[in-house]
Each structure stands twice: as C-alpha cells, then as structure tokens.
There are 2 protein chains.
Amino acid sequence: MSKTTTKSATRAENERLILEAAESVFAEYGFKGATTGMIADHAGLPKANLHYYFPTKLALYRQVVENIFRIWLEAANTFDDCDDPEEALTRYINAKMDISRSHPMGSKVWANEILHKAPVIQDYLETTLGEWTDTRIAVIERWIAQGKMAPIDPRGLLYMIWATTQHYADFNHQIDTLNDGKPLSDQQFAKAKQTVVSIILAGVGIRPARLVVNDAIGEGA
Amino acid sequence: MSKTTTKSATRAENERLILEAAESVFAEYGFKGATTGMIADHAGLPKANLHYYFPTKLALYRQVVENIFRIWLEAANTFDDCDDPEEALTRYINAKMDISRSHPMGSKVWANEILHKAPVIQDYLETTLGEWTDTRIAVIERWIAQGKMAPIDPRGLLYMIWATTQHYADFNHQIDTLNDGKPLSDQQFAKAKQTVVSIILAGVGIRPARLVVNDAIGEGA
DNA sequence: TGAAGACTTGACCAAACGGTCAAGATGATA
DNA sequence: TATCATCTTGACCGTTTGGTCAAGTCTTCA
C-alpha cells in the first residue's frame with residue numbers, strides 16, 4: 001500500500017535529481033546553451049535516461065520554469081494588504097532578497113527568459129503577474145492617498161524593488177568579482193538587505209534618512 | 001599613400017552592418033543562441049561573407065562587447081567628483097537611464113555575459129570596473145563624512161542604481177508586457193526616470209520625500 | 001516463480017551549425 | 001588595358017546535439 005500510493009520512488013527521486021540539475025544548468029547556460037547531455041551528467045544519469053523522464057528539452061525547461069514561478073508567488077504573497085506600508089514593504093523586500101540568496105538560479109532562469117522575450121513564460125507575464133501588479137499598485141496608491149507615503153509612481157517603485165533584489169541573484173557573479181572574487185558573507189548580505197530596505201523606505205518618505213549624527217551641518221534633515 | 005592607411009569604404013560599411021546586426025541578435029538570443037547565419041541574414045549578407053570580415057563568431061562577439069563597454073564608460077564618467085551629491089547622482093542616474101533607453105541591446109548583451117559568468121568580460125570586471133567602483137565609493141564616503149548624505153553603504157547604493165537603471169533595458173520586455181504590450185512612451189519613460197532619481201535622492205537623505213499632496217508640489221518636475 | 005511493467009543505457013540518426021574553400025566578380029592602380 | 005588585391009558566394013565538411021530505439025536489467029505481485 002505504502003508503495004503504490006506514490007508514483008514509484010525511483011521516478012520521484014530521478015525526476016528530482018534531473019530538475020535540480022536542469023535548474024542549475026539552465027541558469028548558467030540559458031535554454032539554448034544548456035545541453036541535455038550536460039544536464040544528464042550533472043544529475044549523474046545517462047542522457048537517454050533523462051529523455052525517459054522528460055521527453056524533450058523544452059518539456060524539462062517548462063517544468064523548471066513552473067517550479068520557479070511557484071516560489072516567486074510565495075514571496076509575492078508576503079506583500080499583503082496590511083495597513084502599514086513600512087511593515088509590508090520591509091517584509092516584501094526581505095522576502096525577495098532571501099529568495100535571491102537561497103534560489104539565485106531560479107532568478108537567473110527568469111532573467112534569461114525575459115532577456116529572450118519570454119518565449120515560455122509570456123503567459124504568466126500577461127495573466128498572473130499582470131494581475132498581481134495591478135492589485136499591489138492599488139494598495140500603494142491607497143497608502144499614498146492616506147498620506148502614509150510620498151506620492152511616487154507605484155509602478156516605478158515596484159520595478160525598483162524587483163530590479164534591486166533580483167540583481168543580487170542575477171548579477172551575483174559581478175558582485176562576487178567586485179568582492180575580491182569571494183561570495184558575499186552572511187554578514188555582507190545582511191548589510192545589503194538592510195541598505196536596500198533603508199533606501200527604499202526613506203525614498204518613499206517612510207522612515208526618512210538621517211545625515212551624519214554630528215548634526216553640525218543643519219541643512220537637509 | 002601606403003595601402004593600410006584607410007580600410008576600404010566597402011569594408012567599413014560591411015563591418016558596421018555586421019556589428020549592428022550582431023549586437024541585436026546577440027542581445028536577443030545570447031552568444032550560444034545566436035547563429036552566424038541569423039546575424040548574416042539580419043545584415044543582408046551571405047554567411048560566408050560575414051566570415052570574411054570576422055573569422056569566428058567569438059571574434060565578432062568580442063568586438064560587440066568592446067563597443068558596449070566603451071559606451072558604458074562614457075556614462076560612467078558623468079559620475080564625476082563634484083562637490084554636490086545631488087547633482088552628481090542625478091546626472092549619473094539620468095545618463096544610465098538614457099543609455100537603457102537608447103542602447104537596450106548593449107545592456108542585454110552585458111547582462112547575458114554576467115548571467116553566464118562573464119566568459120568574455122571577466123577582465124573588464126576585475127580591472128576597469130573594479131577600479132571605477134572603488135573611486136566612486138571613496139567619493140560617496142566623503143560626501144557621507146561631510147554630512148551631505150545619509151550614512152548608507154556606498155556599494156549597496158551603486159548596485160541599486162545599476163540594477164534599477166539597467167532593469168529598464170534588460171527587462172523591457174516584461175515592462176512592455178505590463179504596459180499593455182506597448183513600449184513605454186517618451187512621457188512614461190521620463191516619469192520613470194524621475195521616479196528613480198526621486199527615490200534614490202530621498203533614500204540617501206538628499207531632497208527628502210514629502211508625504212501628502214497639499215504642499216508636495218515643490219519637488220520634482 | 002513467472003510474467004508484466006518500470007527503468008536503464010550504449011549505439012545510432014538527422015538536423016543544425018560554425019567554419020572552409022575555390023572560383024569568380026568587382027574595384028583600384030599604373 | 002593589364003595586373004593585382006579586395007570582395008562575394010554557393011557548395012561543402014566535421015562536429016555537436018536533441019532525440020530515438022532496441023535490447024537489456026530490475027521490481028512488483030498474483
């Protein structure tokens with residue numbers, strides 16, 4: 001009984017191995033640059049075996065993209081409709097940054113898709129992402145109308161948050177190179193997170209930035 | 001004159017055609033995804049003719065990347081060492097945004113490079129870009145010490161500016177899709193520029209954001 | 001235990017692609 | 001015009017790659 005309820009354990013395990021390898025290889029080489037042979041090697045299986053589980057490279061890619069989108073949706077839901085923009089924005093930015101840290105490859109696959117005009121995810125962009133964006137813009141507009149934040153363009157703010165948080169995944173090679181070739185330490189990453197939150201919150205008029213504590217120069221603050 | 005004074009007009013014109021086509025095709029399909037056949041078609045020449053001017057696909061790609069880097073450097077120089085961070089940051093952000101608008105393909109080729117771990121531009125990253133970054137960080141630190149802006153992490157600020165401005169080029173397909181499938185109008189783009197400048201400047205404590213609409217007219221425009 | 005299905009894999013194939021080549025066309029120079 | 005260098009191009013070649021296949025091995029369960 002316990003065995004027949006799930007699809008065979010072998011199948012589940014091999015699909016997992018292949019999907020994991022595929023995400024990593026697609027992220028680094030793109031759809032065209034990745035070969036099913038590389039993915040199979042990475043998963044420790046012969047190529048023919050990979051094609052037994054996923055008939056075509058495209059089908060495998062689609063599955064990878066779908067998984068990535070599910071993770072994106074989870075973070076998206078942290079941007080909920082609460083009354084306090086400080087809390088909502090902080091939580092959302094932190095969630096996005098955490099994903100960039102824990103799932104950089106997913107973000108890279110997404111970036112590759114958009115760069116190549118979204119041949120596979122165009123649907124998601126037009127439907128789910130479009131609707132999600134519209135509702136959050138409405139929330140931000142309400143905050144602005146309530147005087148809880150400065151009247152900036154909500155769409156511009158969202159794009160800025162996406163761009164910045166995803167930059168830490170998509171461009172991590174550049175960031176590492178500029179960090180003497182070493183990946184950011186947990187401490188460095190925490191500092192980066194805090195910087196992003198701080199600039200955004202001050203940028204939209206919540207929790208304004210303070211100048212140097214010295215207050216000798218009493219102009220901007 | 002000696003034979004090597006000027007390369008023939010034919011050569012100059014054909015190289016230009018090919019480089020133009022190559023930038024566009026590499027941007028959309030990546031290095032691996034692009035084929036010399038596609039580039040040749042795009043340039044209106046037979047493939048063998050392309051290989052007469054550029055012996056290999058990689059050599060052509062290198063030339064494209066070099067041109068892109070030159071343009072990047074020009075914008076980089078607008079971030080000069082002036083005393084006023086408001087002026088310097090505004091000018092730099094605007095320059096970067098303008099490049100994203102006028103040369104989106106160059107930015108995409110760059111993004112593709114980084115995503116794929118910079119197989120060709122690693123040199124630039126380690127030398128020119130690294131040095132440039134260090135000097136600008138020093139400038140920002142000085143501004144902070146002088147109480148001209150809030151004590152945020154300068155590196156985090158630079159990454160945020162890069163990420164956001166380049167997002168308007170690299171992710172323009174997503175942005176267009178979320179804009180009912182149409183490219184941003186000049187007016188929309190100008191608004192985006194202003195939003196970025198405004199959030200960054202307020203975010204670092206220069207020109208703080210104002211809340212309610214009543215007395216907020218004094219900024220922007 | 002034996003048969004039916006699930007899984008594995010080396011060998012193979014056709015298409016696509018980067019690059020070559022040789023034969024000719026065109027342009028410059030004296 | 002004669003000569004030489006530059007340019008053009010269809011045909012071709014070796015390699016890579018996505019995908020197939022048939023001949024196996026292993027699992028499950030009546």
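In what follows, chains are A, B, ... by sequence order, proteins preceding strands, each numbered from 1.
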query = What about B:Lys57: does its side chain form a donor-acceptor pair under 3.5 Å with the base of C:dG19?
reply = no
Output the single nucleotide from [options] whose closest atom is nearest the side chain of [X].
X	options	result
B:Tyr53	C:dC7, D:dG18, D:dC7	D:dC7
A:Ser8	C:dT8, C:dA6, C:dG18	C:dA6
B:Thr10	D:dC7, C:dC17, C:dT20	D:dC7
B:Asn49	D:dG19, D:dT9, C:dG19	D:dT9
A:Tyr52	C:dC7, D:dT8, D:dG19	C:dC7
A:Asn14	D:dG18, C:dC7, C:dT20	C:dC7

request  = Remember a base hit wins even if backbone is also touched, and classify B:Ala59 as base, sugar-phosphate or nothing at under 4.0 Å, heavy atoms.
outcome  = nothing
query = Starting at the 5' end of DNA chain D, which residue's closest nucleotide do you reach first, A:Phe31 or B:Pro46?
reply = B:Pro46
ask   = How do B:Gly44 and B:Lys32 order along DNA chain D: which one's closest nucleotide is nearer the 5' end?
value = B:Gly44
ask   = When the ring planes of B:Tyr92 and B:Phe79 are compared, do they come out parallel, tilted or perpendicular, using 30° and 60° as the limits?
value = tilted
Euclidean distance, atom [atom1] of residue [X] to atom [atom2] of [N] [Å, nearest integer]:
X	N	atom1	atom2	answer
B:Leu50	C:dG19	CG	P	10 Å
B:Lys47	D:dC13	NZ	P	14 Å
B:Glu15	D:dC7	CD	C1'	12 Å
B:Arg11	D:dT6	CZ	P	9 Å

message = Could you check whether B:Arg91 pairs with B:Glu87 (Lys NZ or Arg NE/NH1/NH2 to Asp/Glu carboxylate O, under 4.0 Å)?
response = yes
inquiry  = Can you list everything that forms a salt bridge (Lys or Arg N to Asp or Glu O under 4.0 Å) with A:Glu131? Sequence neighbours excluded, please.
reply    = none
inquiry  = Can you give me the closest heavy-atom contact between B:Asp176 and B:Pro183, atom names plus distance?
reply    = OD1-CA, 3.4 Å
ask   = At under 4.0 Å, does any side-chain N or O of A:Thr35 touch on OP1 or OP2 of D:dT17?
value = no
